[in-house]
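Let me give you the structure first, and then I'll get to my questions.
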Amino acid sequence: MILAANWKMHGSSEHLVSYCEALLPRCESLPHQIVLCPPYPLLPQAVMLCAGSQVQVGAQNCHWHQQGAFTGEVSPWLLVQLGVGWVVVGHSERRQHFGETDGTAAARAKAAQEAGLRVIFCVGETLEERQRGETFEVLQRQLHPLEVLAPTAVVVAYEPVWAIGTGHNASPEQIQQAHQFIQAYMREQGKGEVAVIYGGSVKPENAAEILHTPGVAGALVGGASLDATAFWAIIQAAPQQGGEG
Ligand code: PGA
């Protein structure tokens with residue numbers, strides 16, 4: 001399973017130290033991939049603290065060029081130089097507040113892959129889109145530009161916008177349907193078997209049900225991932241099979 005902590009624009013240097021002290025020793029010899037995604041300024045410290053541990057470090061975004069005149073943007077190549085292994089791309093908060101489009105998200109994912117980062121590519125419908133019965137259409141529209149990616153492993157995070165930060169997670173049935181759709185679509189596109197993880201109000205109380213839902217290969221956790229004890233409880237709720245299945 002893949003269990004990723006998206007700290008968003010939260011945390012501090014002190015918090016990172018105590019968090020790693022609490023979490024890292026517990027994660028030894030787990031059959032999961034644990035990914036910690038703190039804000040950019042904490043990445044070097046996170047890489048240092050996580051070195052030699054089971055926990056890998058991810059960024060929350062990157063640009064679609066490796067270098068260039070793009071003031072304020074972050075190069076995927078530099079993230080790799082830093083020791084970052086993963087990147088979250090196309091998060092709905094980027095799409096909602098920072099003008100991210102399906103096209104720019106896919107371009108970022110491509111550049112990230114070319115730099116050697118593993119990509120967690122976020123997709124998901126808004127409440128209005130779900131109520132209009134457009135969920136699959138939206139997922140397909142968001143996934144379609146990924147045709148530019150090499151058919152190597154991209155991880156897709158299904159994150160219904162209405163479930164993010166709201167305390168209302170999607171039901172196992174809704175999750176299973178969306179994950180099946182994403183897997184089938186990616187297979188049709190020649191991308192092979194794609195790991196699909198779920199995000200949106202995952203917490204210790206609902207983690208076991210969500211992580212045991214067929215087709216769920218892990219979780220992208222926001223709010224609850226800031227607390228080492230809560231994130232550890234979520235990790236413990238994951239089925240113990242290895243790999244990304
Ligand atoms: P949440 O966020 O767990 O706080 O709902 C998930 C995410 O935004 O990735």
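Just follow the structure's listing: the first ligand is 1, and inside any ligand the first atom is 1. For the numbers below, each heavy atom of this structure counts, side chains included, while hydrogens, waters and symmetry mates do not.
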- Message: If we ignore hydrogens and angles and just use 3.5 Å, is the side chain of T126 paired with the main-chain N or O of E129 as donor and acceptor?
- Response: yes
- Message: Check this for me - ligand 1, G200, N or O atoms closer than 3.5 angstrom, yes or no?
- Response: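 No, there is no polar N/O contact under 3.5 Å.
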- Message: Between S53 and L49 (side chain of the first, backbone of the second, donor and acceptor by atom type, cut-off under 3.5 Å), is there such a pair?
- Response: no
- Should you measure from each heavy atom of K8, which atoms of ligand 1 turn up under 4.0 Å away?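 Per the distance check, 2 (O), 7 (C), 8 (O).
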- Item | Min heavy-atom dist A163 to ligand 1 below 4.0 Å | yes
- Query: Salt bridge check: are R132 and E137 linked by an N-O gap of less than 4.0 Å?
  - Reply: no
- Item | Residue portion contacting ligand 1 (non-hydrogen atoms closer than 4.0 Å) for K203 |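 Within the 4.0 Å criterion, K203 makes no contact with ligand 1.
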- Task: Verify, without hydrogens or angle tests, whether H179 (side chain) and G215 (backbone) share a donor-acceptor contact under 3.5 angstrom.
- Result: yes
- In Å and rounded to the nearest 0.5 Å, what is the CD to SG distance from Q236 to C27?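 So the CD of Q236 and the SG of C27 are separated by 9.5 Å.
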- Output yes when the distance from some N or O of ligand 1 to some N or O of G165 is under 3.5 Å, and no in every other case. yes
- Query: Should G199 be listed as contacting ligand 1, given a heavy-atom distance under 4.0 Å as the test?
  - Reply: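 Judged by the 4.0 Å heavy-atom criterion, G199 does not count as contacting ligand 1.
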- Show which atoms of ligand 1 fall inside a sub-4.0 Å distance from at least one heavy-atom site of L220.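 Listed by number with element: 9 (O).
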- Query: Is the shortest distance from a Lys or Arg side-chain nitrogen in R130 or E134 to a carboxylate oxygen in the other one below 4.0 Å?
  - Reply: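 Here R130 does not pair with E134 in a salt bridge, since their nearest N and O are not under 4.0 Å apart.
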- Pull out every atom of ligand 1 sitting under 4.0 Å from any heavy atom of G222, numbered as shown with elements. 1 (P), 2 (O), 3 (O), 4 (O), 6 (C)
- Could you list the atoms of ligand 1 found under 4.0 angstrom from a heavy atom of H91?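 Counting atoms of ligand 1 from 1, those under 4.0 Å from H91 are 7 (C), 8 (O), 9 (O).
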- Message: Can you tell whether the side chains of R108 and E100 come within less than 4.0 Å, N to carboxylate O?
- Response: yes
- Message: Pairs of nitrogen or oxygen atoms closer than 3.5 Å, one from G223 and one from ligand 1: do any exist?
- Response: yes
- Message: Between W7 and Y19, is the ring centroid distance below 6.0 Å?
- Response: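 Distance test on ring centres: under 6.0 Å, yes.
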- Message: When you measure from the side chain of Y198 to the backbone of A170, do you find a donor-acceptor pair of N or O atoms at a distance under 3.5 Å?
- Response: yes
- Query: Considering only protein heavy atoms, which is closest to atom 9 (O) of ligand 1, and at what distance to one decimal place?
  - Reply: E159 OE2, 2.7 Å
- Region of N6 engaging ligand 1 - heavy atom pairs below 4.0 Å: side chain
- Item | N/O separation below 3.5 Å, S201 to ligand 1 | yes
- Task: Pick one of side chain, backbone, both or neither for how A157 approaches ligand 1, counting any non-hydrogen atom pair under 4.0 Å.
- Result: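 Neither part.
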